[in-house]
Peer 1: 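Before we start, here is the structure in question, set down as structure tokens.
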Amino acid sequence: MKHPKTKARSFTWQTMFSVLMYLFMYLPIFVLAFYSFNTSPYSAGWQGFTLKWYQQLFQDSRILAALQNSLIVAVFAVVISAVLGTLMAVGLGRYRFPGKTIYRGISYLPMIIPDIAIAVATLVFLATFAISLSLWTIVAAHIVFCLAYVGIVVAARLAKLDPHLEEAALDLGATPLQAFVKVLLPQLMPGIVAGCLLAFVLSLDDFLISSFTSGSGINTLPMEIFSRIRTGVKPDINALSVILMIVSGFVAFLAEYIRDRGEKESS
């Protein structure tokens, strides 16, 4: 008779712990979103509901310029990483060569190394070769970590595919390039798209690496946000943060949906 009570009590404590954990993680986000609709230009007290801060974002030239820079960096970094990351994953998954295990570990190292280390290392590298900082040095720096994320997602997709399909295509007269383009690449596409979406979110939200590798007068969206909150957090920054979180969450959800759907179709 005591066993059901023990299970019920355990479930209650687990529920309470889960609720507290989610409150700890998401309550600050709810507060930020709440005050983004505050009429007052300060977040000290609630004075009424308004959408003017969201409207002002689309009229702020500095915000729009920073958004344009962020999109340029993210798109170019993701496109280049998609090509290189896919080739890297296929090479590591389908071919054997000396030092493969070491190369695999090095390829995914940017996911483990702290951002500050990547930022400093990239800056030192650029200074060594006297490369002037610009928007394109940010792109080059973002490729470093985007490549690893795209590669690992594509590699996970590749590991679940039947390797005999390529062999069958080769036996039927296809060249290695044709087997890759017409057989392997379509099956890898869900993983490639999911990896690209994940890398896009990471690139769009990056601040530390961008701030170390950006040229004079070039701001990305996270850099612009940081420069403004040093004088105090205003409702327009709250509104911009809410939009960024919604976009990032949607893209991350879409990436996971595409990856999961691809796995179900291949199983």
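All values below were derived from every heavy atom in this structure, side-chain atoms included, with hydrogens, water molecules and symmetry-related copies excluded. For the single chain, residues carry numbers from 1 onward in sequence order.
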Peer 1: Carefully, step by step, assess Thr50 and Asn38 under the rule side chain to side chain donor-acceptor pair (under 3.5 Å).
Peer 2: CA-CA 6 Å; Thr50 183; Asn38 189 10; over 6 Å; no

Peer 1: Excluding sequence neighbours, so at least two apart, what forms side chain to side chain contact (heavy atoms under 4.5 Å, CB included) with Val153?
Peer 2: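 So Val153 forms a side chain to side chain contact (heavy atoms under 4.5 Å, CB included) with Ala194, Leu198.
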
Peer 1: As a quick check of understanding, evaluate side chain to side chain contact (heavy atoms under 4.5 Å, CB included) for Ser36 and Leu32, giving each step before the final call.
Peer 2: CA-CA 6 Å; Ser36 69; Leu32 181 145; 5.6 Å; no

Peer 1: Give a yes or no on this: more than 12 heavy atoms of other residues, nucleotides or ligands lie within 6.0 Å of atom CZ of Phe58.
Peer 2: no

Peer 1: Side-chain contact, heavy-atom cut-off 4.5 Å: Ile116 with Phe212?
Peer 2: yes

Peer 1: What distance separates Leu123 CG from Ile118 CD1, expressed to the nearest 0.5 Å?
Peer 2: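 So the CG of Leu123 and the CD1 of Ile118 are separated by 13.5 Å.
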
Peer 1: So if you build clusters from Ile, Leu, Val, Met, Phe, Trp, Tyr with side-chain heavy-atom gaps below 4.5 Å, do Val90 and Leu177 land together?
Peer 2: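 Linked within one cluster.
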
Peer 1: Mind checking the OG1-CG spacing from Thr86 to Leu184? Nearest 0.5 Å is all I need.
Peer 2: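 Going from OG1 on Thr86 over to CG on Leu184, the span is 9.5 Å.
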
Peer 1: At what distance, to the nearest 0.5 angstrom, does CG of Leu135 lie from OG1 of Thr220?
Peer 2: 9.0 Å

Peer 1: Please round to the nearest 0.5 Å and tell me the distance separating atom OG of Ser214 and atom CD1 of Ile138.
Peer 2: 4.5 Å

Peer 1: Step by step, would you call Phe49 with Leu51 a side chain to side chain contact (heavy atoms under 4.5 Å, CB included)?
Peer 2: CA-CA 7 Å; Phe49 179 88; Leu51 293 174; 4.1 Å; yes

Peer 1: Can you confirm whether Ile143 sits close enough to Val78 that some side-chain heavy atom of one is under 4.5 Å from a side-chain heavy atom of the other?
Peer 2: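 No, every pair of side-chain atoms sits at 4.5 Å or beyond.
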
Peer 1: Does Phe76 have more than 12 heavy atoms from other residues, nucleotides or ligands lying within 6.0 Å of its CZ?
Peer 2: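 Not more than 12 within 6.0 Å, no.
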
Peer 1: Do Phe207 and Leu67 land in one hydrophobic cluster if side-chain heavy atoms of ILVMFWY residues count as linked below 4.5 Å?
Peer 2: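 Shared cluster, yes.
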
Peer 1: Classify the ring geometry of Tyr26 against Phe30: parallel below 30°, tilted from 30° to 60°, perpendicular beyond 60°.
Peer 2: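 Tilted: the ring planes of Tyr26 and Phe30 meet at 30° to 60°.
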
Peer 1: Looking only at heavy atoms, what is the nearest atom pair of Val150 and Gly85, with distance?
Peer 2: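 Result for this residue pair: CG1-CA, 4.3 Å.
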
Peer 1: So Phe253 and Tyr257, would you call those rings parallel, tilted or perpendicular, with 30° and 60° as cut-offs?
Peer 2: parallel

Peer 1: I'd like to know if the side chain of Thr137 reaches the main chain of Ser134, judged simply by a donor and an acceptor atom lying under 3.5 Å from each other, with no hydrogens or angles considered.
Peer 2: yes

Peer 1: Report the C-alpha distance between Tyr22 and Met25 in whole Å, list the side-chain angles of each, state the deciding distance to 0.1 Å, and finish with yes or no for side chain to side chain contact (heavy atoms under 4.5 Å, CB included).
Peer 2: CA-CA 5 Å; Tyr22 282 112; Met25 290 192 299; 3.6 Å; yes

Peer 1: Are Tyr103 and Lys100 close enough that some pair of their side-chain heavy atoms sits under 4.5 Å apart?
Peer 2: no

Peer 1: Using side-chain heavy atoms (C-beta onward) and a distance below 4.5 Å, is Phe200 in contact with Asp205?
Peer 2: no

Peer 1: So if I apply the side chain to side chain contact (heavy atoms under 4.5 Å, CB included) rule between Trp136 and each of Ile218, Val73, Ile72, which one comes out positive?
Peer 2: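 Running side chain to side chain contact (heavy atoms under 4.5 Å, CB included) over Ile218, Val73, Ile72 with Trp136 returns exactly one hit, Ile72.
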
Peer 1: Any side-chain heavy atom of Tyr54 sitting closer than 4.5 Å to one from Ile243?
Peer 2: yes

Peer 1: Take a 6.0 Å sphere around CD1 of Ile102 and say whether it holds more than 12 heavy atoms from other residues, nucleotides or ligands.
Peer 2: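 No.
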
Peer 1: Kindly indicate whether the side chain of Leu240, heavy atoms from C-beta on, has any atom under 4.5 Å from the side chain of Arg228.
Peer 2: no

Peer 1: When you compare the side chain of Ser227 with that of Arg62, does any pair of heavy atoms fall below 4.5 Å?
Peer 2: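 Yes. Closest side-chain heavy atoms under 4.5 Å.
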
Peer 1: Using modelled atom types only, decide if a donor and an acceptor are shared between the side chain of Ser211 and the backbone of Leu208 within a distance under 3.5 Å.
Peer 2: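 A pair under 3.5 Å: yes.
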
Peer 1: Examine distances only and state if a side-chain atom of Thr39 and a backbone atom of Gly48 form a donor-acceptor pair shorter than 3.5 Å.
Peer 2: yes

Peer 1: Let me check something: do Ile106 and Met111 share a hydrophobic cluster, defined by ILVMFWY side-chain heavy atoms less than 4.5 Å apart, either directly or through other members?
Peer 2: no

Peer 1: Does a donor on one side chain sit under 3.5 Å from an acceptor on the other, for Asn219 and Glu224?
Peer 2: yes

Peer 1: Any chance the rings of Phe37 and Trp53 have centres within less than 6.0 Å?
Peer 2: no

Peer 1: Could you pull out the closest heavy-atom pair between Ala174 and Ala179, with the gap in Å?
Peer 2: CB-N, 4.3 Å

Peer 1: If hydrophobic clusters are built by linking Ile, Leu, Val, Met, Phe, Trp and Tyr wherever their side-chain heavy atoms come under 4.5 Å apart, do Val120 and Phe145 end up in the same one?
Peer 2: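 Shared cluster, no.
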
Peer 1: Could you tell me whether the side chain of Gln59 and the main chain of Gln56 form a donor-acceptor pair under 3.5 Å?
Peer 2: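 A pair under 3.5 Å: no.
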
Peer 1: So does Lys52 have more than 12 non-hydrogen atoms from other groups sitting under 6.0 Å from NZ?
Peer 2: yes

Peer 1: Using 0.5 Å steps for rounding, measure from the OG atom of Ser81 to the OH atom of Tyr149.
Peer 2: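 Result: 12.0 Å between the selected atoms.
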
Peer 1: Going by heavy atoms in the side chains, are Pro190 and Arg261 under 4.5 Å from each other?
Peer 2: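 The answer is no; the side chains never approach within 4.5 Å.
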
Peer 1: Please tell me whether His142 and Thr213 have a donor and an acceptor in their side chains that are separated by less than 3.5 angstrom.
Peer 2: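 The answer is no; no qualifying pair exists.
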
Peer 1: Examine distances only and state if a side-chain atom of Ser70 and a backbone atom of Leu221 form a donor-acceptor pair shorter than 3.5 Å.
Peer 2: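 Present.
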
Peer 1: Under the 3.5 angstrom rule, does the side chain of Gln187 hit a backbone N or O of Val183 as a donor-acceptor pair?
Peer 2: yes

Peer 1: Rounded to the nearest 0.5 Å, how far apart are OG of Ser107 and CG of Leu84?
Peer 2: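 The distance works out to 11.0 Å.
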
Peer 1: Evaluate side chain to side chain contact (heavy atoms under 4.5 Å, CB included) for Leu64 paired with Leu57, printing each intermediate quantity in order.
Peer 2: CA-CA 8 Å; Leu64 295 178; Leu57 290 177; over 6 Å; no

